[in-house]
Amino acid sequence: MQYFPLFVDTSQLKVLLIGAGEVASRKLDLLCRTEADIYVIASEISAEVQAYADKGRVSLLERAAKDDDIQGVDLVYLATADQVLNTQLANVANNRGIWVNVVDSPEICRFITPSIVDRGRLQVAISTAGAAPVFARELRSRLESWLPGSLTELFDFVAERRQEVQQKLPVFKQRKLFWEHFFNTNGDRFDAQTPIHYDNAYQNISTGGEILLLDDETQVSMLPIAAMPLLQRLDHIFSIETLPFELNELVRRDASRAPLPPLSELSRLFEEGKRCLIYTDFDKLAQLKAHFPMAKHLKAGSL
């Protein structure tokens, strides 16, 4: 993984944009939706950039950029038409420990800006590591059509009630089950039923555990889509061998990993409401199915 995705708090971020043409204005359209302080330096100013300056959203200097401008900021975007100047200023930024992005030149970027789907508090970032930005935009358009606009209102609703849920349900396990039930019933929409689903979620908190079984002969790529949410809710993962890479990518990242424990320990975890996945060979799996008849055996094509 060459590029590691990060979400940065922009409330105290200082951003310098050098260049004010068409490409720079597209960057500015996105940056101005953040809370960052934005400074623009350019000898020629497009009407779009000037409009942001007239509104007081950006601080604008109408002159050629120089090396001394690269200081006192957190991020630098270079969007001039002069590639030699872009490279020169990028080197200055790198030498001064300031993260820099050179538009259309990922090889000299310290960071890149992903294609973004914006649903208020829900943000989806897409990157091809600079290799195929056209495909990233295509994928973004698909997600734009798939993710409803009401998600913005939904997550505002959730954010306003998080403290209330913490007060009513002081135990983390209860809160996790509460939100799982809420999203399972409400889905990805915000409408008149959302507050009803929220109230009903308090009445449907089950503390029962779950045991999932997966044998090492099953191809992970053939597991049904319905298995994916189950793998993302795990508390513990037990295995008699190293998890295959494909499986490790699907399970909840912060679930604990350990060798297969005694059956008594598995019973205790189940009674405590824990969700466990056991990855083992077929013979051991048959024994576990006999001991835990309530366990779900994950199979190719069906649950």
Side-chain angles (χ1 to χ4, degrees), residues 1 3-15 17 26-38 52 55 57-58 74-75 77 99 101 111-128 133 136-202 204-205 225 228-234 249-255:
M1 186 186 295
Y3 292 95
F4 185 78
L6 295 171
F7 285 88
V8 179
D9 183 353
T10 64
S11 60
Q12 298 184 28
L13 201 70
K14 294 183 178 179
V15 180
L17 172 63
R26 292 201 300 268
K27 291 292 182 186
L28 204 56
D29 288 339
L30 182 61
L31 289 169
C32 284
R33 289 156 65 178
T34 72
E35 299 178 23
D37 292 329
I38 304 170
Y52 281 115
K55 295 176 184 176
R57 180 61 187 90
V58 303
D74 302 298
L75 301 178
Y77 281 90
W99 286 22
N101 174 278
F111 73 96
I112 57 177
T113 302
S115 187
I116 296 173
V117 179
D118 183 3
R119 294 293 184 271
R121 298 174 190 272
L122 175 65
Q123 304 282 329
V124 181
I126 308 157
S127 171
T128 61
R137 288 194 292 271
E138 168 63 22
L139 184 55
R140 175 196 165 193
S141 69
R142 298 180 201 175
L143 290 172
E144 288 281 6
S145 63
W146 179 55
L147 296 172
S150 65
L151 280 171
T152 299
E153 296 173 284
L154 174 61
F155 282 96
D156 284 343
F157 174 89
V158 168
E160 291 169 1
R161 285 156 180 79
R162 285 192 64 84
Q163 187 173 0
E164 178 181 80
V165 173
Q166 290 174 344
Q167 291 173 347
K168 291 184 176 181
L169 304 173
V171 179
F172 171 77
K173 177 70 173 180
Q174 294 176 321
R175 294 197 297 273
K176 185 175 74 167
L177 292 170
F178 170 86
W179 288 117
E180 285 176 0
H181 182 82
F182 169 75
F183 284 111
N184 284 339
T185 55
N186 185 80
D188 59 4
R189 63 191 180 279
F190 180 83
D191 55 27
Q193 295 299 309
T194 297
I196 297 174
H197 294 147
Y198 172 81
D199 291 336
N200 289 342
Y202 284 107
N204 291 277
I205 300 176
I225 294 177
M228 303 305 122
L230 301 178
L231 296 175
Q232 281 294 309
R233 296 203 300 258
L234 296 171
E249 288 294 291
L250 294 177
V251 298
R252 181 180 165 193
R253 294 190 185 278
D254 57 351

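Because only heavy atoms are used, hydrogens play no part in the values below, and waters and symmetry mates are left out as well, while side chains stay in.
- There is no side-chain donor-acceptor pair under 3.5 Å between N186 and Y198.
- Of all the heavy atoms in N101 and T113, the pair that sits closest is ND2-N, 3.9 Å.
- A donor-acceptor pair under 3.5 Å links the side-chain atoms of R119 to the main chain of L147, judged by distance alone.
- In E164, the CD atom is crowded: over 12 heavy atoms of neighbouring residues, nucleotides or ligands sit closer than 6.0 Å.
- When atom types are taken as modelled, the side chain of R175 and the backbone of P170 share a donor-acceptor pair closer than 3.5 angstrom.
- Panel note: side chain Q123, backbone G120; a donor-acceptor pair is recorded below 3.5 Å.
- Counting all heavy atoms, side chain and backbone alike, S150 lies closest to F190 at OG-N, 3.2 Å.
- Here the shortest heavy-atom pairing between I126 and V117 reads CD1-CG2, 4.4 Å.
- The shortest non-hydrogen separation linking L151 to D188 is CD2-O, 3.4 Å.
- Atom CH2 of W179 has more than 12 neighbouring heavy atoms from other residues, nucleotides or ligands inside a 6.0 Å radius.
- F183 meets the ring pair (Phe, Tyr, Trp, His ring centres under 6.0 Å) test with no other residue; sequence neighbours excluded.
- With a 6.0 Å radius and a threshold of 12 heavy atoms from other residues, nucleotides or ligands, K14 has its NZ atom at or below the threshold.
- A donor-acceptor pair under 3.5 Å links the side-chain atoms of R252 to the main chain of L234, judged by distance alone.
- Shortest non-hydrogen contact noted between D118 and E144 is N-OE2, 4.4 Å.
- Counting heavy-atom neighbours within 6.0 Å of R189 CZ, excluding the residue itself, gives a total above 12.
- Side-chain rings of F111 and Y77 approach one another, their centers coming within less than 6.0 Å.
- A search for side-chain contact (heavy atoms from CB on, under 4.5 Å) contacts involving A125 returns F7, P114, not counting sequence neighbours.
- In this structure, L13 and V15 approach most closely via the heavy-atom pair CD2-CG2, 3.9 Å.
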